[in-house]
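Remember, predicted model here, so these are calculated numbers, not experimental data.
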Amino acid sequence: QEQLVESGGGLVLTGDSLRLSCAASEHTFSMKAVGWFRQAPGKEREFVAVISAGGTITSYRESVKGRFTISRDNAKNTVILQMTNLKSEDTAHYYCAVGRFGTDYNLFQLWGQGTQVTVSS
């Protein structure tokens, strides 16, 4: 059964950077879009970024454009979310998910357990 494992979260200061990684256990990962979502306490899960299966098309939440970059290495079954200039409002539990390209979390069938990102001022 395919699994996703996120890593790279942590506690950082405003303006710092973090690199989140999403690793898949099976090669079929390369045939699907991968998205990053986040959820803060008491809030709905929200879209952050998505990358197409081939890695040529990406989409971002407006508030992270210019600060976050999503990329993938299909040979390594890995998707990276590079986050820079982090803000306190980026604090959330971050999840990666595999499915169809889009911003709606209902398009994604397989989810990881997530990794916590906390940005302190």
What is the ring orientation for F37 with F47, classed by angle as parallel under 30°, tilted 30 to 60°, or perpendicular over 60°? perpendicular
Remaining members of the apolar cluster that contains V64, side-chain heavy atoms under 4.5 Å: L4, V12, L18, L20, F29, V34, W36, V48, I51, Y60, F68, I70, V79, L81, M83, L86, Y94, V98, L110, V117, V119
Keeping the roles fixed (side chain from T58, backbone from V50), state whether a donor-acceptor pair exists under 3.5 Å. no
Report yes or no: does T91 contribute a side-chain atom to a donor-acceptor pair with the main-chain N or O of T118 at less than 3.5 Å? no
Considering all heavy atoms, the nearest A92-A40 contact: CB-N, 3.9 Å
List, by chain and number, the other hydrophobic cluster members for M31, where Ile, Leu, Val, Met, Phe, Trp and Tyr join if side-chain heavy atoms come within less than 4.5 Å, directly or indirectly. none
Polar side-chain atom of R67 near backbone of N85 as donor-acceptor pair, under 3.5 Å: yes
For residues I80 and I57: do they belong to one hydrophobic cluster (side chain heavy atoms under 4.5 Å, members Ile, Leu, Val, Met, Phe, Trp, Tyr)? no
Side chain to side chain contact (heavy atoms under 4.5 Å, CB included) with E46: which residues, sequence neighbours excluded? R38, R61
Under a plain distance cut-off of 3.5 Å, with no hydrogens placed, do Q39 and H93 share a side-chain donor-acceptor pair? no
For Q109 and G99, the nearest pair of non-hydrogen atoms, with its separation, is OE1-CA, 3.4 Å
Provide the full list of salt bridge (charged side-chain N to carboxylate O under 4.0 Å, His left out) pairs with a residue in residues 73-89, sequence neighbours left out, each pair given once. none
With side chain to side chain donor-acceptor pair (under 3.5 Å) as the rule and sequence neighbours excluded, what pairs involving residues 3-24 come up? none
How long is the span from the SG atom in C96 to the CD atom in Q113, to the nearest 0.5 Å? 10.5 Å
Using a 4.5 Å cut-off on heavy atoms from C-beta on, say whether the side chain of Y95 contacts that of R45. yes
With F101, which residues qualify under ring pair (Phe, Tyr, Trp, His ring centres under 6.0 Å), at least two apart? none
